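Presented below is the structure to which this report refers.
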Number of protein chains: 2
Amino acid sequence: MTHALKIAQVAPFEESVPPPKYGGTELVISNVTEELVRRGYQVTLLAAGDSKTSATLVPIFKRAVRRETFSQDLPKRDAVKFIGAGRVVEYLRKNTFDIIHNHLGWRLLPFSQLLPAPVVTTLHGPLDAEYQQFVYGQYARSAYVSISNNQRRPMPRLNFVGTVYNGIEVAAFDFSVRPGTYLAFLGRMSPEKGAVEAILAAKKARLPLIMAAKVDAVDQQYFSQRVKPLIDGRQIRYIGEVDHPGKVKLLKNALALLALIQWEEPFGLFLVEALACGTPVIASNRGSVPEIIQTGKTGFIVENYLQAARAVKKVGDLDRRACRAAVEKRFTIERMVDGYEKVYRRVLKR
Amino acid sequence: MTHALKIAQVAPFEESVPPPKYGGTELVISNVTEELVRRGYQVTLLAAGDSKTSATLVPIFKRAVRRETFSQDLPKRDAVKFIGAGRVVEYLRKNTFDIIHNHLGWRLLPFSQLLPAPVVTTLHGPLDAEYQQFVYGQYARSAYVSISNNQRRPMPRLNFVGTVYNGIEVAAFDFSVRPGTYLAFLGRMSPEKGAVEAILAAKKARLPLIMAAKVDAVDQQYFSQRVKPLIDGRQIRYIGEVDHPGKVKLLKNALALLALIQWEEPFGLFLVEALACGTPVIASNRGSVPEIIQTGKTGFIVENYLQAARAVKKVGDLDRRACRAAVEKRFTIERMVDGYEKVYRRVLKR
């Protein structure tokens, strides 16, 4: 663009940007923000006060709300969403921007007509909850970005101005050209992530499975009743939550990542992270999977764990260089920010 | 005032104004609104679309949110609060007012700096929940009205611009000069309303007790375990929920109302309604009670049910005309609106 646009990035307050551990949305926001700064834009990040950025940081709360004791108290947590929205709106009105990029979701939209610049909202989560139809339906003419085409399905009438895939920092992922000897599972121990299905596929394929995952409070029962009995510590191993180096080590040495998801995953950063390490993905035919994985090239798209077990036999034959190349071509930070530049231009043209 | 002020009244959306049955806040809002119109102000009521008013009605939702099936769905209910706040803010910005009278509580305050007229907030509920300290503390300099002096206690630092007692339409309450032969209980079957204490006092005083009350879902267990076993259908009778004529009949023929409340009742419309019928009140020394009841004149203020039983012996000697007179002097709609006129003047002077 010809002049340096003034861009406001509005992040959720629950987590810092970037997140210390999990938090895909906050990682993406951080990547977008830093790359926009690098490209010469004047970027302001409205976020939790313990965020780290080379943009101008406007702390909406002192620290990530998740870290405050009050976030345990539901009425306070509810109130914080209003208080935060009020602070965001107040700041955005008192300062001049060309474009406001909203990552907060619907909670900003009731007040977007008060904002002096166009608002574009990236929808980071799935859109299939009934209440979302109700809420976003109120603001259908606002400008939305989907993170996959599949994500749009439940809401065909929203004014989508583009799909921008999430991008990762490819250099942060070591690449190995040699297929590993075990299967990997990464993410959360939850029914929708297909933890049990991954175990069944590995058992059927008679290959070791290493599972790196966190167990959220809501998934505790699923984990102890359904998953834990299947973990034998030899063929099926659970190594807990991993940090970035642990994740890279797990992925790059694997034969394949098993992503037998049981829900409409709107993007799935972990798929791309595996590919960046050269590791093909065996994934369910759901959510964004068909947009990310090319069957027979960067992995296999399957309907169930039996097909997954069969795919395991062939997955070692895939060229791991093609996996890395797919990420370099389609899922880098640069590519993502190219997408957002296009979106900003489109929104500003109106 | 010299010119007809333009006043916006912002009501909650959950219930219509006035409410079909219970809903003290909505009844008070209706009374304030109608009397302001009668006095020649230009009044706009922002409320549920099935409200009835002689002011200009701005429907924020089509019908009272409580009546919509979506209000059963918690995420939708949460969203409705944001959507509604957005609609209120949008309307108030597009139209000219001299003063905005907020009955919504804190949910409007994060956006009050966007409103082109001063906002005064009447706090209709108790203020002793910890999260309220947290939220109202963010907006301590906003202008608040308490409905009793006692209500202010947990929040001494808020900018209170007045206490305005709730007022009732006295003519709607039949007056009887003759003391009745039974005790009355009115309101909700809940621990904080002192249902069990009222029964114990009546048993001790050996007088009949007639209880008219609704049982909220949250109070079901309290009612069935603690109250119901004490109801014998002869000395202690429960007549369910009553409408206005039923309430007046119950009150005016009673010897006294038992209001042995176990919480900091911020005002207590039912105390004033009993007095309007000429019926003295025997009430706990809590909440707004000492501001409403004059012991030895319009009732007795007691510390427990034993004192209440003793007060019952003397309550027939009180002059029931004094009870009615107290309401006519202090708790009429006219008196309440005189109070709000003063508050508006005070806020506009700044």
Side-chain angles (χ1 to χ4, degrees), chain A residues 12-13 46 60-62 65 68-95 102 104-116 119 121 125-142 155, chain B residues 12-13 46 60-62 65 68-95 102 104-116 119 121 125-142 155:
Chain A
F13 335 120
L46 291 79
I60 297 303
F61 290 96
K62 216 192 272 177
V65 167
E68 302 287 358
T69 51
F70 65 63
S71 80
Q72 305 304 313
D73 177 338
L74 278 183
K76 274 191 198 171
R77 208 173 178 143
D78 175 27
V80 156
K81 290 168 187 165
F82 272 82
I83 294 168
R87 290 182 185 173
V88 167
V89 171
E90 186 175 6
Y91 183 86
L92 292 176
R93 282 181 54 84
K94 285 194 182 150
N95 295 273
N102 170 32
L104 259 187
W106 57 266
R107 286 193 169 80
L108 192 60
L109 300 179
F111 311 102
S112 62
Q113 84 282 352
L114 302 173
L115 301 178
V119 175
T121 298
L127 298 175
D128 46 8
E130 205 215 326
Y131 92 93
Q132 292 173 307
Q133 311 249 355
F134 170 78
V135 184
Y136 285 111
Q138 309 278 336
Y139 311 104
R141 296 166 69 188
S142 199
M155 304 223 188
Chain B
F13 334 119
L46 290 79
I60 297 303
F61 290 95
K62 216 193 272 177
V65 167
E68 303 287 358
T69 50
F70 64 63
S71 80
Q72 305 303 313
D73 178 337
L74 279 183
K76 275 192 197 170
R77 208 176 180 138
D78 176 27
V80 156
K81 290 168 188 167
F82 272 81
I83 295 169
R87 291 182 185 173
V88 167
V89 171
E90 187 175 7
Y91 182 87
L92 292 176
R93 281 181 55 84
K94 284 193 181 151
N95 293 273
N102 169 32
L104 260 187
W106 58 266
R107 284 192 171 79
L108 193 60
L109 300 179
F111 311 102
S112 62
Q113 85 282 353
L114 303 172
L115 302 178
V119 175
T121 298
L127 298 174
D128 45 10
E130 206 213 325
Y131 92 93
Q132 294 173 307
Q133 311 249 355
F134 170 76
V135 184
Y136 286 110
Q138 309 277 334
Y139 311 104
R141 294 165 70 187
S142 199
M155 303 226 190

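Below, each value reflects all heavy atoms present in this structure, side chains not excepted, and no hydrogens, waters or symmetry copies. A quick note: this is a predicted structure, and the numbers were derived from the prediction, not measured. Lettering of chains follows the sequences in order, A, B, ..., and the numbering in each one begins at 1.
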Study note, to complete from the structure: Whatever's closer than 4.5 Å to a heavy atom in chain B on A:F82 counts as both
Check your understanding: So which part of B:A129 gets closer than 4.5 Å to some heavy atom of chain A, the side chain, the backbone, both or neither?
Key -> neither
Point to revise | Face-on cation placement of B:K76 at A:Y131 ring, 6.0 Å and 45° thresholds | key: no
Point to revise | Euclidean distance, A:F134 CZ relative to B:E68 CD, rounded to 0.5 Å | key: 8.0 Å
Practice item. For residues A:Y139 and B:I83, determine if any side-chain heavy atom of one lies less than 4.5 Å from a side-chain heavy atom of the other. Key: yes
Study note, to complete from the structure: Taking every heavy atom of A:V135 against every heavy atom of B:A79, the minimum-distance pair comes out as CG2-CB, 3.3 Å
Point to revise | For chain A, the option from B:D78, B:V80, B:V89 that forms the most heavy-atom pairs under 4.5 Å | key: B:D78
**Study point:** chain B contact via A:Q113 - side chain, backbone, both or neither, heavy atoms under 4.5 Å
**Key:** side chain
**Study point:** Under 4.5 Å from a heavy atom of chain B, the part of A:L114 involved
**Key:** side chain
Check your understanding: Can you say whether B:Q138 sits under 4.5 Å from chain A via the side chain, the backbone, both, or neither, judging by heavy atoms?
Key -> side chain
Practice item. Could you check which of A:R107, A:Q132, A:R77 has the highest count of heavy-atom pairs closer than 4.5 Å to chain B? Key: A:R107
